[in-house]
Structures are given as structure tokens and as C-alpha cells.
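Right, one structure below, let's go through it.
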Amino acid sequence: MEPLLYHAPFTDIVSDLDLDELTPADENTSRAISRLADWEDPCTSIARCEQPDPQQPGRSDHFHLVYDDLRAEQGKPSFAGVHLEVDQNTGQFRVTVRDEPMSVLAEAWLIARGADPEQLRERIQPSEFNAADAETAAAEDLLRHAGTRFDVHDSASPADTPFVTWVIAADREAPDAARPVAVFVGHRQPDTEAFTLRIGHFADIEDAYSWTRNPFAPLPQPGRPGDARTDAARLDRRPRTQHGPAAPGDQPAGTTQPTPGAARHR
């Protein structure tokens, strides 16, 4: 069955659920709904899954995969998972938001919070681009069902060419214990509306950052000779191209070098 495309401004979601008739459960909910349903620049719901609570009539969970165009223009993570809890019995609703640099990571967060993955796949098309190959589809499936396996440390997603998004994350189930840091890199191809997604592993955060200076270089894989530090150093010595590595000491655009191993705060 072909997926049903679902694109709606979040102002429509507020109206459909009569949220104006309910009370936000807390201040975080008030801030989240103001951001999502800003009348001048609302976020867009590109996926949804609605699940009534069979144990508590009048209560329901609503999961939305959201695209934030304003954050995209600023080069910030532009996808978000939105968990909306509605309780008609108390007259309240609660909103929890998780910003992510890739749609599949936001989808994974929704699934980890209880969204039915089959409903999501049937009801919606979670990306504006199609997987270019089987390896991309497999990588998406891995991330989609990863649960809490990956802890995102940093990311970058420029709003213009070369349309590359990279993510650095700690991998709690790394296939090689010597390389516990994962890098996901997505290359968008607007002319064909397709994208590729690849996953590689590094010894530490420093090695991962070294690789991001040239995100078109091959990613090291488990079982490859040598360690990730050697691989990253070798890649960093490649001749520079238009999109090649930055000067020594430069950091990826829009990022600040954190202490290696420190978690990114959202």
C-alpha cells in the first residue's frame, strides 16, 4: 500500500484537537506549543500517529514528526519528534519535543516513546527525499529502531549546498569496542530527490571531528585495518577540493569544539 502523505501546519493540529479548549500542563508545554503553532511561521507536521489509551477513555497520545523551516534556515537541527498527550478528563494537554538533525532520528525518538512504527510507516512519508540505495534503507531501519542505543553529541546541517548532514553520536552497542563513536552522514541529491545515508565508527570524538572536515571521504568500517585515529589522519591528509577539509584547528561550521566525550545539550 502506498504511504499516505501527510503535511499540515501545526496550527491545524491545534485546531483539529481543540487544544484551545484545554489547559497546558506546564510552562514547557506552553513554550513548545507557541513555537510549533506560531501563526506567522508554524512548524509542519509531515508524519503522525494517533493512539487512544484503551485503559483510560478520554486520554490519547499523538506523535508527530515535524519539520521546522526556521531552524533549517539557521542551520540548526530542523526535524523534531513531538509527543502530544491529551487528557479530556482533566482538561489538560502536555507537549514534549525532541529536536534532531535527521528525520529518522526524530522518528526513532517517537517510537521509543511508544509510537506504533507500523502506523508511522503506513500513514506517512517521513522524508522529503527517497533512499537512493539498499544500504541507505538498511541504515535508516537501524537508526529507526535503535531505541536509546545512540546518544547524539553534535551535528551540522547547512541550509545550502553541498546538502550534507553529519551527526556524531556515542554508540552503546558499537560493533567494535575500540570504536565507540558513530558518525551518520546523509548526502541529499535535490535534482533526483534522493539521498544516501552511511554510518561509520571512530575511536573517539576527536577522530570523528577530523573526519567531518571532509564529509565526502569514505567512512571507516568495523574490521578495517588500523585504528580510527590513523584512518582519520590519513583522510585529513587527502588533497583539498572545493568541499575539502578546513584548515588545521578549524571546527565544522556552526559548531564549537566540546570537551571530548561531553554530551551535547539540547
Side-chain angles (χ1 to χ4, degrees), residues 3 5-14 28 31-49 63-84 95-111 115 120 124-132 136 139-140 143-144 150 152-169 183-199 209 212-213 215-216 242-243 246 251-256 258 264-266:
L5 298 181
Y6 180 83
H7 290 73
F10 217 83
T11 48
D12 289 358
I13 309 303
V14 170
N28 286 337
R31 287 195 294 266
I33 207 68
S34 295
R35 166 198 165 184
L36 296 167
D38 185 332
W39 285 98
E40 293 185 359
D41 193 10
C43 294
T44 302
S45 176
I46 59 176
R48 70 174 178 178
C49 172
F63 302 95
H64 289 263
L65 176 59
V66 164
Y67 182 74
D68 189 329
D69 188 64
L70 181 60
R71 286 177 64 88
E73 293 176 357
Q74 297 170 344
K76 298 178 180 180
S78 54
F79 292 95
V82 177
H83 182 191
L84 175 59
V95 178
T96 308
V97 180
R98 174 65 169 258
D99 293 302
E100 295 286 3
M102 294 181 175
S103 63
V104 68
L105 294 177
E107 189 178 348
W109 182 82
L110 292 172
I111 292 171
L120 285 174
I124 48 100
Q125 177 69 34
S127 174
E128 295 295 326
F129 297 89
N130 301 313
T136 295
E140 278 197 303
L143 296 182
R144 184 176 294 118
F150 297 102
V152 173
H153 175 88
D154 198 3
S155 66
S157 183
D160 54 7
T161 56
F163 300 108
V164 176
T165 297
W166 56 256
V167 180
I168 297 175
V183 170
F184 323 132
V185 59
H187 294 273
R188 294 186 290 157
Q189 303 166 31
D191 293 340
T192 60
E193 293 194 347
F195 76 103
T196 59
L197 177 62
R198 299 292 186 262
I199 303 175
Y209 272 118
T212 64
R213 293 172 182 165
F216 290 87
Q242 181 179 357
H243 303 302
Q251 298 305 317
T255 66
T256 301
R264 182 183 66 170
H265 297 289
R266 297 182 183 280

Residue list, side-chain contact (heavy atoms from CB on, under 4.5 Å) with Asp69, at least two apart or on another chain: Tyr67, Glu73
Should Val164 and Arg188 count as side-chain neighbours, where that means a heavy-atom distance under 4.5 Å? no
Looking at residues at least two apart in the chain, or sitting in another chain, which of them share a salt bridge (charged side-chain N to carboxylate O under 4.0 Å, His left out) with Arg71? Asp99
Close side-chain approach of Leu105 and Phe184, heavy atoms under 4.5 Å: yes
Distance alone, cut at 3.5 Å: any donor-acceptor contact between the side chains of His64 and Ser45? yes
Work out which heavy atom in Trp109 is nearest to a heavy atom in Gly81; give both atom names and the distance. CZ3-O, 3.3 Å
Would you call Arg35 and Asp68 a salt bridge, using N to O less than 4.0 angstrom? yes
Working to the nearest 0.5 angstrom, can you tell me the gap between His83 NE2 and Cys49 SG? 9.5 Å
How about Leu70 and Asp38: do any of their side-chain heavy atoms sit closer than 4.5 Å? no
Tell me the closest heavy-atom pair linking Val82 and Val97, and the distance in Å. CG2-CG2, 4.3 Å
Ala37 to Val14 - nearest heavy-atom pair and separation: CB-CG2, 3.8 Å
Nearest-0.5 Å distance, CG of residue Leu197 to CG of residue Leu143: 6.0 Å
Would you name the heavy atoms of His7 and Ile46 that are closest together and state the gap between them? CD2-CG2, 3.4 Å
Partners meeting side-chain contact (heavy atoms from CB on, under 4.5 Å) with Leu84 (sequence neighbours left out): Leu17, Leu19, His62, Val86, Phe93, Val95
Do you know the tightest heavy-atom contact between Ala106 and Phe79? CB-CB, 4.4 Å
When rounded to the nearest 0.5 angstrom, what is the spacing between CD1 in Ile168 and OG in Ser155? 9.0 Å
Hey, does Glu100 have a side-chain heavy atom less than 4.5 Å from the side chain of Val167? no
Could you tell me the separation between the CZ atom of Phe63 and the CD atom of Glu107, rounded to the nearest 0.5 Å? 12.5 Å
I need the Thr136 OG1 to Ile199 CD1 distance, nearest 0.5 Å. 10.0 Å
Shortest non-hydrogen pair, Glu140 vs Ala131, comes out as OE1-CB, 4.2 Å
Phe216/Val185 under side-chain contact (heavy atoms from CB on, under 4.5 Å): CA gap, chis, key distance, verdict: CA-CA 9 Å; Phe216 290 87; Val185 59; over 6 Å; no
Starting at CG of Leu36, measure out to OG1 of Thr44 and round the result to the nearest 0.5 Å. 10.5 Å
